[in-house]
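Below is one structure, written out as C-alpha cells; the observations come after it.
Residue numbering restarts at 1 for every chain, and letters A, B, ... go by the order of the sequence lines.
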Number of protein chains: 2
Amino acid sequence: MSKPSNTVVTIAENESVEEEKNLKLILDRAKDQSKLCPVRDVIHRISDKWSLLSILALGTHGTLRFNALKKEIGDVSQRMLTVTLRNLEEDGFVSRKIYAEVPPRVEYQLTDMGQGLMQQALQLADWANTQLPAIISSRKKFKKG
Amino acid sequence: MSKPSNTVVTIAENESVEEEKNLKLILDRAKDQSKLCPVRDVIHRISDKWSLLSILALGTHGTLRFNALKKEIGDVSQRMLTVTLRNLEEDGFVSRKIYAEVPPRVEYQLTDMGQGLMQQALQLADWANTQLPAIISSRKKFKKG
DNA sequence: GATTTATAGTTACTTTTAGTAACCTAAATC
DNA sequence: GATTTAGGTTACTAAAAGTAACTATAAATC
C-alpha cells in the first residue's frame, strides 16, 4: 500500500486517496455490524476491570453507599468506580438512589436484571475459585518452559 | 518521588521522604493482598477485550489456526490476538501446537480447563442474549432522562 | 533464478482507556 | 473559622489496545 514518496503527484494518486476513503467507510461499516452481535455487545460492556467486581460486591452486600462500595472493592479509584457505576446504571443492572442531604448520600443497589447478572458472575467466580490452583501451576510452568 | 531541586535538603525533609517510602510499601502490600483474592485474579485476567470471545470461538469451532481464529473474531488485531492467546496459554485455557512447516502452521485448541471456562462463558452469553432487549431499552431511557 | 505467496508472528509507533491527584459543594462539628 | 464528610468532577499521567510495517522461509509461479 505504501507509495514511493518522490514521485510526481498525478490525478491517479488523487483517485487512490478517494479509494482509500471508500475502503475506510466499508471497514467502519463492517466494524459496526460486528458490534451489533449481542454477545459481543454485552461481553464488551461488562468485561472491563470493575463491572463484575462491583456487581458481586453489591450482590453480596445488598445496598451500599458509594464509599462503602469503594472500600469493599479496595483498589478501585474513585473516578473508575463512578464511571463503572454509571455504565451499569445505564444498562439497567444497578439503581442509584440520591438523597438530598449534606453531606450527600447515594445508595447503590442491584436491579432485578443486575441480580441475574450477579448469578452469572457468581457461577464464574465459583468456577474461578475451584480452578485457581491449576491456573497458578500452569502459569509457573509457562514461565519455566 | 521528585524533590524540589533548589531547596536545601534538611533532616526533616529526609524523614518525610522515609515516611513516604514506608507508606508506599504498606499500600503496595495492601494491593498485593487484594490481588491474592482468587475471584479478582481470574476475573481480571479474562475480563479483557478478547479473551472470552477467543474462548467462545475456539469452543464452537474446535481446533483453529491463528488466521482462522482471527477471521472468526473479525475485528481483533494480529498483535492483540497474539497477546490474548499467550495469556490464555499461560493460564492453561488454550493449547498451542506448532508444526515445523513453511509457511508456519500453529493450531489452537481449548484445554479441558478451557472447555470449563467456555461453559461459563456460554452461560453468560446465553443470558446476555435474553437480556439484550431490556439492556438496550434501559440505555435509551438513560440517554433521555 | 528472480518474484510472488503464504503464515504467524515481532517491533515501533499512535490512539484510546484507566488511574492519580487535586479540587468542589455545603451543612455539621470542634 | 478551620476541619470533616460524601460523592463527585477536572486535568493530568500511565498503561493498554490498536495500526502499520517488517521478519523468516520454502514452495509455487513467471
>> Whole angstroms only, please: what is the CZ-C1' distance between F66(A) and dT5(D)?
In response: 14 Å
>> For a quick check, tell me whether the side chain of R79(B) and the base of dA17(D) share a donor-acceptor pair closer than 3.5 Å.
In response: yes
>> Which nucleotide wins on minimum distance to the side chain of T82(B), given the candidates dA17(D), dT10(C), dG8(D)?
In response: dT10(C)
>> I need the full list of salt bridge (Lys or Arg N to Asp or Glu O under 4.0 Å) pairs touching residues 47-73 of chain A, with sequence neighbours left out, sorted by first then second residue.
In response: none
>> Categorize E101(B) for me: base, sugar-phosphate, or nothing, with a 4.0 angstrom heavy-atom threshold over every strand shown.
In response: nothing
> How would you list, by chain and number, every residue that makes a side-chain contact (heavy atoms from CB on, under 4.5 Å) with S137(B), sequence neighbours excluded?
Replying inline: none
>> When you measure from the side-chain N and O atoms of W50(B) to the phosphate of dA17(D), is any distance below 4.0 Å, counting only OP1 and OP2?
In response: no
>> Between T60(B) and L56(B) (side chain of the first, backbone of the second, donor and acceptor by atom type, cut-off under 3.5 Å), is there such a pair?
In response: yes
> Are OP1 or OP2 of dG19(C) and a side-chain N or O of K49(A) less than 4.0 angstrom apart?
Replying inline: yes
> Got a second to check how far L69(A)'s CG is from L58(A)'s CG, nearest 0.5 Å?
Replying inline: 5.0 Å
> Once you round it to whole Å, what is the distance between C1' of dT19(D) and CG of L81(B)?
Replying inline: 15 Å
> How many Å lie between CD1 on I73(B) and P on dA8(C), as a whole number?
Replying inline: 14 Å
>> Does anything in residues 91-106 of chain A form a side-chain hydrogen bond (donor to acceptor under 3.5 Å, both in side chains)? List the pairs, not counting sequence neighbours.
In response: D91(A)-R139(B), R96(A)-Y108(A), Y99(A)-E107(A), E101(A)-R105(A), R105(A)-E107(A)
>> Quick one, W127(B) and L117(A) - any side-chain contact, counting heavy atoms below 4.5 Å?
In response: yes
> How many Å lie between CZ on R105(A) and C1' on dG8(D), as a whole number?
Replying inline: 17 Å
> Separation of E107(B) atom CD from dG9(C) atom C1', in whole Å?
Replying inline: 17 Å
> Do the side-chain N or O atoms of Y108(A) get closer than 4.0 angstrom to the phosphate oxygens (OP1, OP2) of dA6(D)?
Replying inline: no
>> For dG7(D) and R65(A) - does any side-chain N or O of the residue sit under 4.0 Å from the phosphate oxygens OP1/OP2?
In response: yes
> Under the salt bridge (Lys or Arg N to Asp or Glu O under 4.0 Å) test, which residues partner R79(B), sequence neighbours left out?
Replying inline: none
> Over how many whole Å does the gap from Q78(B) atom CD to dT11(C) atom C1' extend?
Replying inline: 12 Å
> Where along residues 83-100 of chain B does a heavy atom fall under 4.0 Å from DNA chain D?
Replying inline: none
> Can you check the L69(A) CG to dG7(D) P distance for me, whole Å?
Replying inline: 10 Å
Are there any protein N/O atoms within less than 3.5 Å of an N/O atom in nucleotides 25-30 of chain C, and if so, which ones and at what distance?
none

> Using a cut-off of less than 4.0 Å, is there contact between a side-chain N or O of K70(A) and OP1 or OP2 of dG7(D)?
Replying inline: no
>> Expressed as a whole number of angstroms, how long is the span from M80(B):CE to dA16(D):P?
In response: 10 Å
>> For a 4.5 angstrom cut-off between non-hydrogen side-chain atoms, does I98(A) reach P104(A)?
In response: no
>> As an exercise, state the distance from OG of S54(B) to CG of L81(B), rounded to the nearest 0.5 Å.
In response: 5.5 Å
>> To the nearest 0.5 Å, what is the distance between CZ on F66(A) and CD on Q78(A)?
In response: 5.0 Å
